[in-house]
Amino acid sequence: MPLSTPSKLKDFARRLLVFEVAPGQPTDLNDSATFRVCAKLRGPLGRLMGVIGFRSLLSRALVLAVRETPWLAALQIKADGSLEGFHEAKVNLDCPAMAEGEIVLVAQLLGLLVTFIGAALTVRLLHDIWQGLDELNF
């Protein structure tokens with residue numbers, strides 16, 4: 001299966017999100033697993049491409065994700081590249097719809113990374129960030 005197939009990217013995004021809510025991972029009750037994934041990517045990607053570059057990448061991922069999951073249009077990307085708006089959206093959604101939207105957004109972000117820097121470099125970057133995550137392969 002090609003590296004950038006939507007199903008492989010969604011499966012990998014799901015694993016990242018599950019890892020972020022796993023016991024022993026630091027959590028903040030005011031954010032979601034998607035916020036944490038994006039925040040962890042923002043650091044190293046921001047150093048490589050700048051905050052504006054990361055915002056552009058995340059903005060494009062959000063536009064692509066909204067096509068598949070319209071409720072994501074409620075999210076905003078702040079000047080520092082962080083996300084906001086999940087709490088407002090969460091009020092009107094059930095858990096499966098919320099989870100699917102988070103998976104779609106993270107999968108789109110990963111897909112863009114694979115497109116722009118390649119699978120090998122994407123896996124290396126992700127491994128540096130999530131060292132405890134097993135089987136970092138697309």
- For Arg14, check salt bridge (Lys or Arg N to Asp or Glu O under 4.0 Å) against everything at least two apart and list the hits.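 Once residues adjacent in sequence are excluded, the partners of Arg14 under the salt bridge (Lys or Arg N to Asp or Glu O under 4.0 Å) criterion are Asp11.
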- Item | With Asp80 via salt bridge (Lys or Arg N to Asp or Glu O under 4.0 Å) - residues at least two apart |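 Applying salt bridge (Lys or Arg N to Asp or Glu O under 4.0 Å) to Asp80 gives none.
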Linked, directly or transitively: [X] and [Y] (ILVMFWY side chains, under 4.5 Å):
X      : Y      : value
Phe12  : Trp130 : yes
Val51  : Leu75  : no
Phe116 : Ile52  : no

Do you know which two heavy atoms are closest between [X] and [Y], and how far apart they sit?
X      : Y     : answer
Leu125 : Pro44 : CD1-CB, 3.8 Å
Ala65  : Leu72 : CB-CD1, 3.5 Å
Leu83  : Cys38 : CD1-SG, 3.8 Å

What residues form a side-chain contact (heavy atoms from CB on, under 4.5 Å) with [X], not counting sequence neighbours?
X      : value
Ala99  : none
Ile117 : Leu113, Leu121, Thr122
Ala73  : Val66

Can you give me every donor-acceptor pair (side chain of residues 100-111, partner residue at least two apart or in another chain, under 3.5 Å) with its distance?
unit_1	atom_1	unit_2	atom_2	d
Glu102	OE1	Ser32	OG	3.3
Glu102	OE1	Thr34	N	3.3
Glu102	OE1	Thr34	OG1	2.7

Got a second to check how far [X]'s [atom1] is from [Y]'s [atom2], nearest 0.5 Å?
X      : Y     : atom1 : atom2 : answer
Ser56  : Ile77 : OG    : CD1   : 9.0 Å
Leu126 : Arg15 : CG    : CZ    : 10.0 Å
Leu16  : Arg36 : CG    : CZ    : 12.0 Å

- For the pair Trp71 (side chain) and Ala97 (backbone), establish whether a donor and an acceptor sit closer than 3.5 Å, ignoring hydrogens and angles. yes
- Test side-chain contact (heavy atoms from CB on, under 4.5 Å) on Leu41 and Leu58 and set out the steps. CA-CA 10 Å; Leu41 286 168; Leu58 185 56; over 6 Å; no
- Could you give all pairs that pass the side-chain hydrogen bond (donor to acceptor under 3.5 Å, both in side chains) test and reach residues 59-69, with sequence neighbours left out? Lys10-Glu68
- Item | Residue pairs passing the salt bridge (charged side-chain N to carboxylate O under 4.0 Å, His left out) test where at least one lies in residues 104-126, sequence neighbours excluded | none
- Message: Considering only residues two or more places apart or on different chains, which pairs with a residue in residues 41-59 satisfy salt bridge (charged side-chain N to carboxylate O under 4.0 Å, His left out)?
- Response: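 Residue pairs with at least one partner in residues 41-59: there are none.
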- Might you work through the side-chain contact (heavy atoms from CB on, under 4.5 Å) test for Phe54 and Leu48, ending with a clear yes or no? CA-CA 9 Å; Phe54 179 75; Leu48 291 172; over 6 Å; no
- Before giving the answer on side-chain contact (heavy atoms from CB on, under 4.5 Å), spell out for Val37 and Ile129 the whole-Å C-alpha distance, their side-chain angles and the decisive distance to 0.1 Å. CA-CA 10 Å; Val37 167; Ile129 297 169; over 6 Å; no
